[in-house]
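Naming convention: chains lettered A, B, ... in sequence-line order (proteins, then strands); numbering from 1 in each chain.
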Amino acid sequence: MIDKSFDPKGVEEKWYGLWLEKGYFQADSKSDKPSYCIVIPPPNVTGSLHIGHALDITLQDIMVRWKRMSGFNTLWLPGTDHAGIATQNVVEKELKVRGMSRQDLGREAFIKKVWEWKEQYGGRIIHQLKRLGASCDWSRERFTLDEGLSRAVKEVFVRLHKEGLIYRGDYIINWCPRCHTALSDLEVEHEEVKGRLYHIRYNFAKGDGHVVVATTRPETLLGDTAVAVNPNDKRYKNIVGKVLSLPVLGREIPVVGDEFVDVGFGTGAVKVTPAHDPNDFEIAQRHNLPFIKIMTGDAKMTDEAGPYKGQDRFKCREHIIRDLKTAGLLVEVKDHKHGIGHCYRCKTVVEPYLSKQWFVKIKPLAEDAARAVRKGTVKIIPQGWENSYFDWMENIKDWCISRQIWWGHRIPVWYCSDMKNRECKDQNGIVVTTAAPEDCPYCGSRNLVQDEDVLDTWFSSALWPFSTLGWPDDTDDLRTFYPTSVLITGFDILFFWVARMIMMGMKFMDREPFRHVYIHALVRDATGHKMSKSKGNVVDPLEMTDTYGTDSFRFTLAAFAAQGRDIKFSVKRIEGYRNFINKIWNAARFILVNIKANDEIVSAAEIKNLSLADRWILSRLSSVAAEVNSSLEEYRFNDAANLLYQFVWHEFCDWYVELIKPVLYGSDEDRRRASLSAVVHVFEVSLGLLHPFIPFVTEELWQHLPASAGKPATAGRPENLCVRAYPTAADGIVDKNAESKMALVKEAVMGVRSIRGELNLSPSLELKALIRASDETVDVLNKNISYISKLAKTSSIEIGCDVMRPEGAAVSVNPSLEIFVPLKGLFDVESEIRRLNREAVKIEESLSFIQKKLSNEEFVNKAPKAVVDENEAKYEELNKKMQSILSGIDKLKQLGNT
RNA sequence: GGGCGGAUAGCUCAGUUGGGAGAGCACAGCCCUUACAAGGCUGGGGUCACAGGUUCGAGCCCUGUUCCGCCUACCA
């Protein structure tokens with residue numbers, strides 16, 4: 001016999017190990033079965049599992065297990081991302097502890113170090129995914145720096161370059177002075193801050209007069225090469241072309257006219273710092289202004305900054321403000337709210353910085369990717385995200401892909417140092433090729449130097465759906481599993497990753513990388529705040545699984561995963577679902593206790609002598625199975641989970657199990673065996689339905705069921721639940737007649753219980769009940785009187801269409817029947833009168849509402865007949881109920897008076 | 001600045017073609033009834049943010065307002 005309660009420890013490890021051993025999660029690259037494939041959003045190798053992963057993994061595992069059981073050739077392809085900047089930062093930090101920098105080590109040794117780190121710690125998150133029960137095909141695990149994936153990266157780079165979609169040039173990019181690298185626009189997080197707007201006076205070089213400019217970064221004036229005004233601005237029309245003297249440095253700079261300048265903002269005059277601001281960069285190009293770099297990659301001031309040379313940018317700001325003040329050139333300082341960009345990896349304020357970088361010309365790729373979604377080739381769920389997707393795609397700017405770090409895919413570009421002939425010079429000595437060249441293909445020189453930079457990590461993850469399946473080779477995996485079925489991820493990487501995968505998929509595979517994109521919610525803390533280490537409000541998934549079991553945790557996540565709304569997670573919530581798991585466990589215990597040695601369990605179709613309760617639960621089972629399947633089909637995880645919760649707990653346990661207890665304990669062997677088979681069957685199917693959500697406890701319990709349970713008609717029973725055919729409506733037996741009869745039985749039971757409950761009568765007190773109903777109902781109730789007497793705890797029941805209300809009886813009026821419970825001396829007349837009065841008030845409200853509707857001619861004329869009829873019927877019913885209650889009250893009052 | 005989402009029971013949230021609103025938790029009362037006290041039974045509790053409009057009828061459709069999130073943007 002199984003234990004009194006479920007202990008997840010041990011069970012989880014046992015089954016996960018066994019599933020792996022039997023190779024259930026392994027996909028077949030040459031199967032006739034329809035394929036179903038998900039590629040995992042590869043977590044960073046540096047990462048450790050957080051609750052967002054847990055949700056992501058749980059939802060994917062639900063889909064994959066469901067499809068696997070439903071007969072698909074299923075591949076869930078796992079892996080990790082090398083996470084260039086993040087990983088490099090981690091290892092650099094370790095070096096720093098020992099007083100070393102990566103430069104001290106040198107490139108090669110440093111990279112070796114990172115690999116060592118990766119081998120040692122990179123598996124951590126994979127191990128954690130396994131603890132969640134992820135049914136990935138681990139034989140296909142990939143890493144973005146794998147040999148194969150690296151080939152794909154080079155291939156893509158070279159092809160895009162050949163087509164002119166990758167180019168190199170000097171532009172203003174986002175520079176992180178701490179990570180010492182360029183960042184793409186996406187990698188900059190904007191944060192609104194209360195800053196200051198400094199109004200600074202620039203005097204004319206000759207003669208009197210001045211112009212006042214406004215800036216938030218006064219230190220950049222050291223690199224100014226002009227002041228711009230709008231040529232249409234009356235205030236400044238006449239000064240265009242004049243020469244100003246740059247404050248502090250005294251360098252002479254012109255006033256230029258440029259329509260970019262907003263007349264209404266600040267003073268209407270803008271200082272132009274071409275090497276340190278993207279807009280100024282463009283203005284400078286239009287007016288042929290010089291570019292002066294005043295900062296180094298460390299954000300320290302250069303020689304060009306004169307007296308400020310060597311100062312940190314923010315120190316310099318302070319100094320320059322002081323100096324301007326002293327010189328009387330600081331006109332005004334205003335409070336000013338504006339956005340400031342921060343590095344998404346280290347949160348340092350990024351600096352717009354002029355440098356030579358590689359870019360992807362993104363428009364053509366974005367257009368195809370947008371079209372794929374517009375045409376429905378890729379469907380985004382929930383659809384609301386499509387707007388953001390289109391918006392981003394339409395306003396997209398070229399993608400800076402080079403990073404000045406060492407950990408990553410080295411850019412497959414070599415520079416010829418000699419440029420010995422014309423051709424080589426024409427190409428600027430640039431050699432772009434997948435294989436490292438020995439000598440220059442243009443001039444034959446052997447002095448080739450590879451580009452020092454590596455590619456943006458997201459460049460390689462953009463290829464993930466096909467690079468992991470073997471591209472650029474033409475593999476069976478690619479043919480079988482591409483396009484993949486669905487991508488499940490959070491919205492935070494919609495642009496970073498999802499959009500770019502669609503671009504690259506369309507470009508290199510000519511097909512969408514996935515048919516569906518399911519965007520799930522963000523997991524927040526109980527009060528709705530984003531979880532973060534600094535806030536200290538993170539919930540550790542592993543702690544949850546340790547305390548409550550993986551199944552409880554997974555079910556909680558699924559039950560709260562409603563589309564389009566964030567999940568507020570709290571420990572309180574997981575407790576409720578832990579109780580649910582325990583409820584399932586105990587239902588199993590009940591069943592197992594009641595199976596005797598010689599009992600033969602037969603399949604639902606073979607059971608003879610089905611009782612009403614059996615037929616009812618089988619019918620409900622059928623509906624539930626159908627609804628769970630259709631919910632999953634539409635990614636309505638919460639609906640599926642809640643449906644099962646409701647069914648298993650409140651229909652199966654609360655009603656069905658109670659209904660069959662007398663049968664299982666009774667002496668009618670035929671009946672007993674019928675219900676026993678039925679209860680085993682329904683439970684077995686329920687375990688199947690639940691398995692994708694809570695794989696461990698279901699597998700464990702399933703193994704305890706008699707071997708004949710869950711046996712398909714044709715073949716033998718599978719060895720494990722995780723490969724059982726996923727239940728469908730056909731696993732139950734639809735019987736609407738049984739459902740409506742059961743409804744009457746339940747009505748009778750609840751009516752009596754209600755009287756008992758509200759009058760505070762002890763559950764152990766057996767009551768006498770009289771039920772009045774229509775002939776038809778009377779017939780049904782009489783045939784099932786044993787159910788009622790058992791569940792309502794009655795000593796005797798009288799049912800008839802002309803049953804009279806006895807004196808001193810409590811009354812319960814229900815839609816299809818009236819119940820009287822004689823309680824002479826057992827209860828307080830006054831409290832029963834109060835109860836009935838409360839009831840009467842409610843009914844009166846309803847009556848007057850419907851009355852109002854029915855007396856409205858327009859309603860009667862315009863509303864559909866069915867609706868009108870329904871209202872009329874309801875009115876009749878309520879009216880009858882009202883009469884009954886009123887007379888009840890009346891009689892009780894008489895009783896009280898005598 | 002642009003865009004998106006949310007506002008429903010004390011709390012967290014469902015509510016899929018518009019026909020007088022549901023769940024879980026919490027709360028109250030009665031129960032250790034031989035699967036389960038991590039349980040059973042019963043009950044209380046809501047002008048569905050606000051104001052208009054469409055309609056016989058609105059939580060649901062339209063317009064506006066307020067509050068709260070998020071995404072996005074080069075206004076110095």
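- Candidate nucleotides rA35(B), rA38(B), rG29(B) were compared by shortest atom distance to the side chain of Arg589(A), and rA35(B) ranks first.
- Between the side chain of Lys572(A) and the base of rC25(B), no donor-acceptor pair of N or O atoms lies under 3.5 Å.
- Rounded to whole Å, the P atom of rC30(B) lies 23 Å from the corresponding atom of rA23(B).
- Atom name P, nucleotides rC56(B) and rC13(B): the rounded distance is 37 Å, in whole Å.
- Side-chain proximity of Asn387(A) to rC4(B), rA76(B), rG40(B): nearest is rC4(B).
- Between Arg217(A) and Thr273(A), the closest side-chain pair of non-hydrogen atoms is not below 4.5 Å.
- Contact between the side-chain N/O atoms of His338(A) and the OP1/OP2 oxygens of rC74(B) is not found at any separation under 4.0 Å.
- Taking every side-chain heavy atom of Pro864(A) into account, rG19(B) is the closest of rG44(B), rU12(B), rG19(B).
- The side-chain ring of Tyr645(A) is not stacked on the base of rG24(B), judged by centre separation under 5.5 angstrom and plane angle under 30 degrees.
- A salt bridge is defined here as a Lys NZ or Arg NE, NH1 or NH2 lying under 4.0 Å from an Asp or Glu carboxylate O, and Glu845(A) with Lys842(A) fails to meet this definition.
- Comment: Glu877(A) does not engage Lys874(A) in a salt bridge, judged by the lack of any side-chain N to carboxylate O separation of less than 4.0 angstrom.
- Looking only at side-chain heavy atoms (C-beta outward), Leu197(A) and Phe265(A) come within less than 4.5 Å of each other.
- The side chain of Lys397(A) places no N or O atom within less than 4.0 Å of a non-bridging phosphate oxygen (OP1 or OP2) of rA73(B).
- For Asn279(A) against rC74(B), a side-chain-to-base donor-acceptor contact under 3.5 Å is present.
- Between Trp649(A) and rG40(B), a side-chain N or O to OP1/OP2 separation shorter than 4.0 Å is present.
- Proximity of Lys568(A) to the phosphate of rC11(B): no side-chain N or O atom is located under 4.0 Å from OP1 or OP2.
- Computed from coordinates, the His190(A) NE2 to rU72(B) C1' distance equals 9 Å when rounded to whole Å.
- Among the nucleotides rG19(B), rA14(B), rA35(B), the one closest to any side-chain atom of Asp639(A) is rA14(B).
- Of the candidates rC36(B), rU16(B), rC56(B), the closest approach to any side-chain atom of Asn582(A) belongs to rC36(B).
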